[in-house]
Amino acid sequence: MAIEQSPATSQTDNLRDLLNANQYEAVTYTDGPSLIVAGAGSGKTRVLTYKIAYLLQNGWHPSQILALTFTNKAAEEMKGRIAKLVGEQRAKYLWMGTFHSIFSKILRYEASHLGFTSNFTIYDSSDSKSLIRSLIKELQLDDKTYKVNNIQSRISFAKNQLVTPATYANDSDMMRSDMNSKTPRFIEVYQLYCQRCRNSNAMDFDDLLLYTNTLFEKHPEILKTYQERFGYILVDEYQDTNRAQHLIVSKLAANHQRICVVGDDAQSIYSFRGANIDNMLMFQRQYEGCKLFKLEQNYRSTQTLVNAANSLISRNKNQIRKNVFSDGDIGKAIKLLTAYSDYDEAFAVAATMQESIRDTRDAYSDYAILYRTNAQSRTLEEALRKRAIPYKIYGGLSFYQRKEVKDILAYLRLIINPNDEESFKRIINYPARGIGETTQQKILQTAHTHAVSPLEVVKNPADFTLDINNGTAKKIQNFGSLIEQFRTLNEDKDAYVVAEQVVIASGIMQDISVDNTPENLSRKENVQELLSAINQFCEEKANAGDTELKLVDFLSEVALLTDQDKESENDKNRVTMMTVHAAKGLEFKHVFIVGLEENLFPSNMCETERELEEERRLLYVALTRAKIDCVISYAKSRFRNGQTQFSNPSRFLHDIDAKYFQTPYEDKKPEIVRSTTPTFSKFDTPPTISTPQRLKTYCAK
DNA sequence: TAACAAGACCCCGAG
DNA sequence: GGTCTTGTTA
């Protein structure tokens with residue numbers, strides 16, 4: 001490999017030319033702990049990339065480097081860039097990935113120490129929701145008081161704080177607050193939830209962090225091997241780590257303290273899932289002799305955009321003072337679109353975008369529309385489609401969440417993990433094989449009382465004195481042997497062959513082939529796509545010299561994938577539509593930020609000053625995604641939750657210094673595209689905070 | 001047990 | 001507005 005043969009003349013020798021002074025210092029300081037405070041667009045990824053290359057240059061082996069990122073996309077991108085610098089062969093040994101994926105890898109190795117087996121299933125949030133739903137029923141709780149979503153987020157919150165059911169039960173504050181919220185039996189749900197997951201040999205997303213921490217806590221000898229393995233630790237987006245993540249990283253770095261974390265307090269936007277910005281703020285105190293590097297020059301955006309973003313974020317009281325600046329072009333002022341309704345807003349956005357594309361001749365992929373909530377995408381989608389602007393939507397229902405895909409995955413999951421109860425429930429009667437609700441309940445109950453997997457019961461119903469008739473017994477036995485058949489097949493065939501067989505022999509293919517409705521055609525397409533994804537996975541593994549083409553690896557990867565990670569060729573030149581959260585870390589030449597209204601952005605869920613500041617940071621993130629220009633829009637009324645709501649413009653519009661906006665009537669052209677709708681200037685409506693009027697809609701058919 | 005209709009609830013964000 | 005759950009029939 002030409003790139004690798006002569007370490008003396010490496011690509012990193014001319015680092016001084018490639019980096020500014022601060023970046024250079026941050027890259028080349030490797031003696032001890034360091035904190036890099038990196039403003040938006042300041043070349044954070046660049047610094048991390050070169051730092052890893054620099055470490056490899058200086059004798060570290062790739063497998064000694066642990067680099068944790070927040071999204072798969074960030075990990076992939078960084079890996080690609082490093083591969084370019086040091087060669088694919090070396091880059092592939094790096095331990096680089098999201099917290100969840102790296103920890104799940106570790107957990108598969110060490111599963112036995114935690115009472116799991118290495119083929120454990122990862123429950124996604126719909127799996128855990130369905131489990132919680134059945135627990136509420138089982139405990140005969142009132143589902144009006146015990147709301148599934150609420151229970152789920154409370155369990156998640158507890159886990160993120162490393163509060164196990166046992167700790168929870170002993171915490172008088174928690175118990176009292178459950179009393180007050182009329183859900184005193186929450187703890188029972190939590191307990192049973194953990195127990196069922198364990199019986200199912202399954203972990204949810206939060207468990208991946210929680211159990212890794214437990215593993216290192218309870219087994220110092222295991223911790224020691226990982227401490228020694230990872231000689232250098234790098235963590236991206238440290239401002240968004242939660243307690244579990246922080247503790248694990250601290251444990252790993254405790255001895256050698258060769259740790260470098262990068263973050264920007266102004267971009268901390270994940271406190272809702274337990275992220276704690278103090279992890280970053282306290283970092284210097286945690287590690288004595290910690291070096292601090294500040295990257296303040298923004299290379300991404302125009303001066304106008306950087307200054308506008310600065311003026312916004314300066315309204316936050318809690319922040320590390322930074323002087324983020326750009327010495328790029330002054331750039332264009334922000335354009336503000338005012339619309340009467342969400343429909344008009346989408347219309348105006350599409351029109352403005354089309355105009356801009358005509359002027360700039362930039363590609364569709366240079367444009368992004370960012371919104372606060374996924375629900376806003378639908379109207380925008382419609383408007384873009386009318387103008388034949390190609391787009392892609394991230395988030396919402398991802399490919400792997402679609403029914404037909406989940407169904408097949410459930411078969412595959414049950415094959416590799418026969419204890420997986422959620423998968424079992426999903427497919428025992430799909431495709432319909434005459435095993436009804438009552439029978440299912442009996443099977444599950446028997447499985448619980450005998451402490452065996454439901455699959456075990458199904459295989460030998462006679463052993464468990466099930467109260468069912470012979471016909472039903474036959475049916476469930478057939479299901480049992482079907483799965484058993486697949487399991488045998490899986491022992492010596494690769495993942496693709498097994499999956500293909502599942503699709504056919506389970507009857508799924510037949511079920512979605514009964515007619516040619518558009519729904520079924522699209523289902524078939526999705527099934528085909530899943531199969532080819534599995535095939536591709538097998539091929540990639542084979543190319544990498546990996547002979548183990550195991551289903552378990554595929555499932556593990558899939559469970560942690562999001563839509564962002566599955567981009568096909570024909571998705572390349574399209575306008576990106578996503579939430580602001582999803583846009584973190586990305587950049588586009590032209591950005592549209594829509595729905596700048598009170599109760600939407602900032603969110604109506606936001607009550608405290610702290611939460612409001614997080615919303616403001618969120619808008620800061622959105623603004624700083626743009627390289628060249630930015631359009632902001634809001635609507636005076638919006639269809640939400642099945643009714644039209646009127647709202648005021650977001651207070652954040654007034655937080656951004658007015659001089660960075662184009663004045664609404666500067667152009668001859670009116671901002672509003674539909675002539676029937678009244679236009680409003682930015683200052684028509686005072687930024688009063690009022691509860692939205694709720695009007696009944698009269699569009700019922 | 002399955003197919004269909006009415007009704008509830010939702011919508012904050014992600015791995 | 002759409003999705004998911006529950007209730008009603010044959």
Side-chain angles (χ1 to χ4, degrees), chain A residues 68-75 97-104 122-126 128-130 133 136-137 143-144 147-150 153 156 160 203-209 237 240-242 244-245 268-275 342-343 370-379 381-382 394-398 400-401 403 429-440 471-472 475 556-565 578-585 595 599-606 611 614-615 617-618 621-622 638-645 697 699-701:
Chain A
L68 297 168
T69 63
F70 245 74
T71 61
N72 292 304
K73 198 168 188 164
T98 61
F99 282 92
H100 290 86
S101 76
I102 295 285
F103 293 167
S104 73
I122 300 174
Y123 275 176
D124 68 19
S125 70
S126 68
S128 48
K129 225 175 246 168
S130 120
R133 195 170 291 125
I136 291 174
K137 210 176 259 174
D143 57 7
K144 298 274 187 302
K147 296 250 167 89
V148 177
N149 286 331
N150 181 263
S153 69
S156 173
N160 282 324
M203 296 190 193
D204 65 19
F205 289 140
D206 300 314
D207 287 334
L208 296 177
L209 308 180
E237 312 274 16
D240 281 330
T241 52
N242 65 27
Q245 290 164 325
S268 146
I269 54 174
Y270 278 104
S271 73
F272 70 89
R273 65 173 201 215
D342 48 350
Y343 181 85
L370 307 182
Y371 34 79
R372 180 63 182 83
T373 68
N374 278 311
Q376 288 165 259
S377 65
R378 214 192 50 79
T379 25
E381 215 179 327
E382 232 169 83
Y394 291 111
L397 200 57
S398 96
Y400 293 105
Q401 306 279 341
K403 181 188 176 322
N429 199 31
Y430 178 78
R433 40 177 80 88
I435 305 173
E437 190 63 31
T438 340
T439 314
Q440 290 179 33
T472 315
K475 283 178 196 161
S556 167
E557 194 167 291
V558 156
L560 299 170
L561 275 187
T562 62
D563 253 12
Q564 293 203 36
D565 312 311
M578 54 170 53
T579 62
V580 182
H581 281 93
K584 191 168 82 154
N599 292 314
L600 180 61
F601 201 167
S603 160
N604 55 334
M605 312 288 271
C606 144
E611 286 167 331
E614 176 147 324
E615 295 285 315
R617 290 194 294 269
L618 195 56
V621 168
R638 183 175 294 279
F639 198 81
R640 273 224 279 176
N641 297 330
Q643 51 196 216
T644 303
Q645 268 174 225
T697 46
C699 61
K701 289 201 181 118

Output the rounded distance in Å from CZ (A/Phe639) to P (C/dG2). 9 Å
To the nearest Å, how far apart are A/Asn374 CG and B/dC10 P? 17 Å
What integer distance in Å separates A/Arg640:CZ from C/dG1:C1'? 13 Å
Are any of A/Thr71's side-chain N or O atoms less than 4.0 Å away from OP1 or OP2 of B/dA14? no
Which whole number of Å gives the distance between the C1' atom of C/dT5 and that of B/dC12? 23 Å
Check this one for me: any side-chain N or O of A/Asn242 less than 4.0 Å away from OP1 or OP2 of B/dG15? no
Tell me what A/Tyr270 touches on the nucleic acid: a base, only sugar-phosphate, or nothing, going by heavy atoms under 4.0 Å. sugar-phosphate
Just checking, is any N or O donor in the side chain of A/Glu382 or A/Thr379 under 3.5 Å from an acceptor N or O on the other one? no
Without decimals, in angstroms, what is the distance between A/Arg617 CZ and B/dC12 C1'? 15 Å
When A/Thr579, A/Leu600, A/Leu370 are each screened for side-chain contact (heavy atoms from CB on, under 4.5 Å) with A/Gln376, the one that passes is A/Leu600
Just checking A/Ala432: base, sugar-phosphate only, or nothing, at a heavy-atom cut-off of under 4.0 Å? sugar-phosphate
Any side-chain N or O of A/Ser156 less than 4.0 Å from the OP1 or OP2 oxygen of B/dA14? no
Calculate the interatomic distance between A/Met203 atom CE and B/dG15 atom P; express it in whole Å. 20 Å
Could you grab the distance from atom CD of A/Glu237 to atom CG of A/Leu68, nearest 0.5 Å is fine? 12.0 Å
Mapping A/Asn149 and A/Leu209 to their closest nucleotides on DNA chain B, which lands nearer the 5' end? A/Asn149
5' precedence on DNA chain B between A/Cys606 and A/Thr472 (nearest-nucleotide basis): A/Thr472
A/Thr579 side chain N/O closer than 4.0 Å to the phosphate oxygens (OP1, OP2) of B/dA14? yes
How many Å lie between CD on A/Glu437 and C1' on C/dG7, as a whole number? 14 Å
Going by 5.5 Å between centroids and 30° between planes, is there a stack of A/Phe272 over B/dG13? yes
Ion pair A/Arg617/A/Glu614, N-O distance below 4.0 Å: yes
Check the distance between B/dC12's C1' and A/Ile269's CD1 and give it to me in whole angstrom. 12 Å
Does NZ or CZ of A/Lys584 fall inside the cone over A/Tyr270's six-membered ring, less than 6.0 Å from its centre and within 45° of the axis? no
Counting only side-chain nitrogens and oxygens, does A/Arg133 get under 4.0 Å of the OP1 or OP2 atom of C/dT5? yes
Nearest whole angstrom, please: distance from the P of B/dG15 to the CG of A/Asn160. 14 Å
Checking all strands, does A/Ser104 fall into the base, sugar-phosphate, or nothing category for heavy-atom contacts under 4.0 angstrom? nothing
